[in-house]
Amino acid sequence: MARERAPRAKQQKQAKKQQKQQKQQKQAEQQTRSKRGKGALPGGTGTAAGAGAGTDAGSGPEGGGSGRGRSRRRGDRESVVADVGGGRAELVPDPDRPRAWTLLIDGAPQSHVDLDDPEHLGFEYQRRIGHVVDLLAPSGRPLRVLHLGGGAFTLARYVAATRPRSTQQIAERDEALVRLVRAELPLASGVRVRVRSMDAREALGAVPDGWADLVIADVFSGARTPAHLTSVEYVAEVRRVLTPGGWYTANIADGPPLTYLRGQIATVRDVFPETALIAEPGVLRGRRFGNAVLVAAALPLPVAELGRRAATDPQGARVEHGTALRDFTAGALPVRDATARDSPRPPINAFPG
């Protein structure tokens, strides 16, 4: 009997060792995917032409998009995969937060949502836009916000959580994506958010003059912002729908030599007298492809406070304004509808992981 127990104990020891190795491998894979999500560049979608009926995103979830299914496990949760208008959507569970998810479209990180903590903004560019939301008006005051591009409704959730009773509209052209998000990542009950399944510029044209306190543009199709959302004519429509004290903010993705970013600054400056740019120094110096958040208004912006908040983020950013921003633009000309082009395609290594 002693001779039989010896090899059996050895087998059990080997089995435990294999289980430990498998667990460590899974943990390493989760950390890699988490890092990939945190390196996001583009954000919301909602870009192609076409219009549809508006839907109330505050109501119960709807059926999902075609081809939806469950795939790889993350602890007790599985990724959700679905075919949407913009490509292949995947909702990947965050291993560090029990009810948080990252939305990928064709492998490119788009949004991060924590259903338990909608005030948590996992992507740096979203955190910077969050600073804009916080500084626009006294804390807690409701706002009227127009979101051009919806993604997983991350910023709309943030506004609803930090400024209860705010009224919000989202222009998100991808109806299948909207259905997926509403089913898998439902908004909290009672929030005043309406989703319109239509092109962002068409939705902008349907908004009354002076309706919005804030317009947030986070619009990407295939990781690129469409040309018709980059022109002076488009920005003039944005200013039309804003209140006299309203702000416009846009997520812009570009890399060296920053020709597109400079052109967008010149375009917005052609319409708004006050502008500021928030970005990491490495992006501003043209060292790598990344996000910049542009803020514009008719009245002076709280540049100093915006700079303080951006500097203390996990990935500290800098705020350019006034003469420094004019020098950064380096003589770039405003973009018109007739000459507008899509934003640059991100390099292959733009999404780490």
Side-chain angles (χ1 to χ4, degrees), residues 33-34 36-47 55 57-58 61 79-80 82 84 86 89-94 96-105 108-134 136 143 145-164 166-174 177-189 191-196 200 214-221 223 225 249-253 278 291 293 295 313-315 351:
R33 293 189 182 101
S34 179
R36 182 185 186 187
K38 292 177 182 177
L41 292 167
T45 57
T47 57
T55 56
S79 296
V80 181
V84 299
E90 183 177 10
L91 291 172
V92 181
D94 186 332
D96 300 321
R97 289 175 169 263
R99 297 189 69 216
W101 302 78
T102 297
L103 169 66
L104 311 178
I105 302 292
Q110 300 285 328
S111 299
H112 181 276
V113 171
D114 189 336
L115 297 178
D116 286 337
D117 184 11
E119 295 186 34
H120 173 76
L121 298 175
F123 291 169
E124 290 297 328
Y125 86 87
Q126 290 178 333
R127 191 173 293 114
R128 291 163 193 153
I129 294 177
H131 296 326
V132 173
V133 173
D134 294 342
L136 174 55
L143 297 176
V145 184
L146 173 63
H147 301 262
L148 303 179
F153 312 157
T154 303
L155 291 167
R157 298 173 200 267
Y158 180 82
V159 172
T162 59
R163 296 182 177 276
S166 291
T167 301
Q168 303 183 74
Q169 295 185 42
I170 299 175
E172 174 54 72
R173 181 261 176 187
D174 196 332
L177 177 61
V178 171
R179 289 195 297 269
L180 173 68
V181 171
R182 291 180 64 182
E184 301 293 337
L185 307 174
L187 287 163
S189 61
V191 298
R192 301 176 182 178
V193 179
R194 185 171 181 81
V195 181
R196 297 184 179 277
L214 177 64
V215 175
I216 299 174
D218 188 14
V219 190
F220 289 83
S221 177
T225 299
T249 186
N251 175 30
I252 301 171
I278 315 169
N291 296 89
V293 171
V295 189
D313 282 340
Q315 295 180 7
F351 310 111

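Quick note: residue numbers are just sequence positions, from 1.
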_Worked verdict on Leu146 versus Leu214 for side chain to side chain contact (heavy atoms under 4.5 Å, CB included)_ = CA-CA 6 Å; Leu146 173 63; Leu214 177 64; over 6 Å; no
*Go through the steps for Asp117 and Arg97 under the test side chain to side chain contact (heavy atoms under 4.5 Å, CB included), then give the verdict.*
CA-CA 10 Å; Asp117 184 11; Arg97 289 175 169 263; 3.9 Å; yes
*asked:* Before you tell me yes or no, could you show the steps for Trp101 and Val92 under side chain to side chain contact (heavy atoms under 4.5 Å, CB included), namely the whole-Å CA-CA distance, both residues' side-chain angles and the distance that decides it to 0.1 Å?
replied: CA-CA 5 Å; Trp101 302 78; Val92 181; 5.8 Å; no
*Can Leu185 and Arg157 be said to form a side chain to side chain contact (heavy atoms under 4.5 Å, CB included), step by step?*
CA-CA 11 Å; Leu185 307 174; Arg157 298 173 200 267; 3.5 Å; yes
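Here the shortest heavy-atom pairing between Ala160 and Val191 reads CB-CG1, 3.9 Å. Counting all heavy atoms, side chain and backbone alike, Pro98 lies closest to Asp116 at CG-OD2, 4.3 Å. Taking every heavy atom of both residues into account, Glu172 and Gly149 meet most closely at OE1-C, 4.0 Å. In plain terms, the two heavy atoms of Leu143 and Val133 that are nearest each other are CD1-O, 4.4 Å. The two residues Ala89 and Leu180 come nearest to each other via the heavy atoms CB-CD2, 3.8 Å. Summarising the geometry of Asp174 relative to Gly86, their closest heavy-atom pair is OD2-N, 2.8 Å, with the distance given to 0.1 Å.
Note that CD of Glu124 is 4.0 Å distant from CZ of Arg127, once rounded to the nearest 0.5 Å. Atom CZ of Arg99 and atom CG of Asp114 lie 8.5 Å apart (nearest 0.5 Å). Taken to the nearest 0.5 Å, the CZ atom of Phe153 stands 5.0 Å off from the CD1 atom of Ile170. Distance check: Thr102 OG1 to Gln110 CD gives 11.0 Å after rounding to the nearest 0.5 Å.
At a threshold of 4.5 Å between non-hydrogen side-chain atoms, the residues Asp218 and Leu148 do not count as touching. By the 4.5 Å heavy-atom criterion applied to side chains, Leu103 and Pro109 are not counted as neighbours. For the pair Tyr158 and Pro118, the minimum side-chain heavy-atom distance is 4.5 Å or more. No side-chain heavy atom of Phe123 sits less than 4.5 Å from a side-chain heavy atom of Ile129. Between Gln126 and Ser111, some side-chain heavy-atom pair lies under the 4.5 Å cut-off. For the pair Asp134 and Leu136, the minimum side-chain heavy-atom distance is 4.5 Å or more. Between Ile278 and Tyr125, every side-chain heavy-atom pair lies at or beyond the 4.5 Å cut-off. Using a 4.5 Å heavy-atom cutoff, the side chains of Ile252 and Asn291 are not in contact.
Considering only residues two or more places apart in sequence or on other chains, Arg192 meets the salt bridge (Lys or Arg N to Asp or Glu O under 4.0 Å) condition with none of them. With sequence neighbours left out, His112 forms a ring pair (Phe, Tyr, Trp, His ring centres under 6.0 Å) with His120. By the salt bridge (Lys or Arg N to Asp or Glu O under 4.0 Å) test, Asp313 is found to be paired with no residue, residues two or more places apart in sequence or in another chain being considered.
For the residue pair Gln169/Arg196, the side-chain donor-acceptor check at 3.5 Å is satisfied.
Gln168 contributes no side-chain N or O that, together with a main-chain N or O of Val193, makes up a donor-acceptor pair within less than 3.5 Å.
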